[in-house]
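Side chains included, hydrogens not; waters and symmetry mates left out as well; all remaining heavy atoms used. Numbered from 1 within each chain, the chains take letters A, B, ... in sequence-line order.
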Amino acid sequence: MPELPEVETIAKALREGGRDGSAILGRRIHRAHLLWEGTLETPSPGEFKSRIAGQKIRNVGRRGKYLLLDLSTDTMLIHLRMSGDLLVETKHHSPAPHHRMMLDLEGGLRLSFNDPRKFGRVWLTQEPRTVLGKLGPEPLDANFTAPYFYELLRARHRQIKPLLLDQAFIAGLGNIYTDEALHSARIHPLTLADSLDLTQAEKMLAGIRQVLREGISRNGASIDWVYRGGDFQNHFRVYQRTGEPCPDCETPIERIVVGQRGTHFCPTCQPFMK
DNA sequence: CACGAGACCTGTTCGC
DNA sequence: TGCGAACAGGTCTCGT
């Protein structure tokens, strides 16, 4: 689910707080509740609870699809995977179905991790690099240039779509934004990365940045009940639009399976070049 | 190195 | 209406 724009939206919301003044920055964590221990990747439940108690939330950031909570002495990393969400609630609220972890904060607030499918994971560590170390570059980083992207693509004899989903190649893209970016760049999802020329690499990077920026400006995509307020789902051009006319040329959008993921593209705008 | 299948989970939608 | 199949924003591991 949550891809870079959704995680960025959540990080921003946690930093800025709600209209009700429910800001969590600067607050001390009184106590952690683990409703499903499998959520915790490291350390053990006992050490997690004793170590996190008393630490303050200094800041909230993002790297790839990971949320980073800077605490007094540790970093808490959260990966929402397919169905995770973070909510700020009050302490009195009884735990909703699928709550997996709750952090009681000073001032009666509570930061809750809800995750129906139980794929999400949490780490508490003083060395976030051990978790983030293998991530590829941030696509929106100004230091990530088109010529460099072209060099990376040229070194890989692999279909472009699964390559863009590979977090070690580039961080933050998921199934929605990959399909949208390929359509924006007019590149077929099965195109081999090392067959793209510099001009196509430039278009690919521009497409990635364009759809990510649009996703962020629309507060992400809210499919089903998750990620309240996001609007990008109403602006998909190909994702989950099988059979609907391409917004650029009217050709019906096609769906194929690539690397076991549903893949949506326009056969006219994105012709397969061998 | 590249790729496909299977696993990890639960909920919703689709097709008969 | 009922019920099983298919599908879902992600990632890891294993076998070829």
Side-chain angles (χ1 to χ4, degrees), chain A residues 1-11 35-42 62-67 77-86 96-101 113-123 130-136 139 152-182 189-195 208 211-212 214-216 218-243 255-264:
Chain A
M1 113 26 274
E3 307 178 30
L4 187 155
E6 288 75 32
V7 178
E8 182 67 31
T9 298
I10 291 171
L35 287 74
W36 186 66
E37 294 190 346
T39 285
L40 197 54
E41 193 73 35
T42 190
R62 177 196 63 76
R63 169 78 170 102
K65 301 176 191 173
Y66 290 83
L67 268 171
L77 301 96
I78 304 169
H79 198 303
L80 303 169
R81 295 284 174 89
M82 291 287 266
S83 61
D85 195 8
L86 281 176
H98 314 307
H99 269 19
R100 308 303 181 196
M101 171 182 297
F113 177 51
N114 185 280
D115 184 24
R117 293 180 72 177
K118 297 182 175 174
F119 288 163
R121 291 293 181 271
V122 170
W123 297 254
T130 60
V131 182
L132 307 173
K134 284 159 54 175
L135 286 182
L152 294 181
L153 289 168
R154 218 167 51 130
R156 305 299 290 269
H157 190 65
R158 222 185 141 178
Q159 294 170 342
I160 185 72
K161 159 132 185 185
L163 183 60
L164 294 178
L165 289 173
D166 182 346
Q167 302 300 298
F169 181 74
I170 185 169
L173 292 174
N175 212 31
I176 294 176
Y177 293 92
T178 299
D179 281 3
E180 295 294 324
L182 286 165
L190 298 180
T191 308
L192 291 173
D194 60 2
S195 77
I208 289 168
V211 300
L212 290 178
E214 183 183 356
I216 291 170
R218 296 190 185 282
N219 295 315
S222 310
I223 297 180
D224 300 333
W225 66 99
V226 188
Y227 315 115
R228 312 126 331 253
D231 179 48
F232 188 56
Q233 71 279 7
N234 298 316
H235 301 270
F236 295 160
R237 297 166 79 80
V238 291
Y239 183 75
Q240 283 186 345
R241 297 228 182 278
T242 310
R255 180 186 186 275
I256 59 176
V257 175
V258 181
Q260 305 181 116
R261 312 299 302 278
T263 297
H264 315 77

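To the nearest angstrom, P of C/dT11 lies 13 Å from CZ of A/Arg121. Atom pair A/Ile78:CD1 and C/dG10:P shows a separation of 18 Å (rounding to whole Å applied). C/dA8 atom C1' lies 14 Å from atom CD of A/Glu6, rounded to whole Å. When the P atom of C/dG10 is taken as reference, atom CG of A/Asp85 falls 15 Å away, rounded to whole Å. In this structure, the CG atom of A/Asn175 is 9 Å from the C1' atom of C/dA8, given to the nearest Å. Straight-line distance from the CH2 atom of A/Trp36 to the P atom of B/dC8: 11 Å, rounded to whole Å. Here the P atom of nucleotide B/dG11 and the CG atom of A/Asp115 are 11 Å apart, to the nearest Å. The CZ atom of A/Arg81 sits 15 Å away from the P atom of B/dT10 (whole-angstrom rounding).
At distances below 3.5 Å, not a single donor-acceptor pair connects side-chain atoms of A/Arg158 with backbone N or O atoms of A/Ile160. The backbone N or O of A/Ile176 lies less than 3.5 Å from a partner atom in the side chain of A/Glu3, making a donor-acceptor pair. Counting only distance, with no hydrogens or angles, the side chain of A/Glu214 and the backbone of A/Phe232 share no donor-acceptor pair below 3.5 Å. No donor-acceptor distance shorter than 3.5 angstrom exists from the side chain of A/Arg255 to the backbone of A/Tyr239, with no hydrogens or angles considered. No donor-acceptor distance shorter than 3.5 angstrom exists from the side chain of A/Glu6 to the backbone of A/Gly220, with no hydrogens or angles considered. Although no hydrogens or angles enter the test, the distance criterion places no donor-acceptor pair under 3.5 Å between the side chain of A/Ser83 and the main chain of A/Arg81. For A/Asn175 (side chain) and A/Gly262 (main-chain N/O), a donor-acceptor pair under 3.5 Å exists by modelled atom type. Counting only distance, with no hydrogens or angles, the side chain of A/Arg241 and the backbone of A/Phe236 share a donor-acceptor pair below 3.5 Å. In terms of modelled atom types and a separation under 3.5 Å, the side chain of A/Gln167 and the main chain of A/Leu173 share a donor-acceptor contact.
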Apply the test side-chain contact (heavy atoms from CB on, under 4.5 Å) to residues A/Trp36 and A/Phe113: give CA-CA distance (whole Å), side-chain angles for both, the deciding distance (0.1 Å), then the verdict.
CA-CA 10 Å; A/Trp36 186 66; A/Phe113 177 51; over 6 Å; no
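OP1 or OP2 of B/dC9 has not a single side-chain nitrogen or oxygen of A/His98 nearer than 4.0 Å. Between C/dA8 and A/Arg117, no contact under 4.0 Å exists linking OP1 or OP2 to a side-chain N or O.
A/Val258 has its side chain within reach of A/Pro162: a pair of non-hydrogen atoms, C-beta onward, lies under 4.5 Å apart.
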What's touching nucleotides 14-16 of chain C from the protein side, N or O pairs under 3.5 Å?
none

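Of the listed nucleotides (B/dG11, B/dC9, C/dG10), B/dC9 has the atom at the smallest distance from the side chain of A/Lys118. Checking C/dG10, B/dG11, B/dG6 against every side-chain atom of A/His79, the shortest atom distance belongs to C/dG10. Checking B/dG6, C/dA8, C/dG10 against the side-chain heavy atoms of A/Gln260 singles out B/dG6 as nearest.
Contacts of residues 156-168 of chain A with DNA chain B (heavy atom under 4.0 Å): A/Arg156, A/His157, A/Arg158, A/Gln159.
Where stacking is scored as ring centres under 5.5 Å apart with planes under 30°, A/Phe119 registers as stacked on the base of B/dC8.
The distance from the CG atom of A/Leu4 to the CZ atom of A/Arg63 is 10.0 Å, given to the nearest 0.5 Å.
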How does DNA chain C read in dot-bracket, base by base from 5' to 3', with Watson-Crick or G-U pairs under 3.5 Å and | used when the partner is on another strand?
.|||||||.|||||||
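When heavy atoms are screened at a 4.0 angstrom cut-off, A/Gln240 is found touching the sugar-phosphate backbone but no base atom. Using a 4.0 Å heavy-atom distance criterion, A/Arg255 is classed as a sugar-phosphate-only contact.
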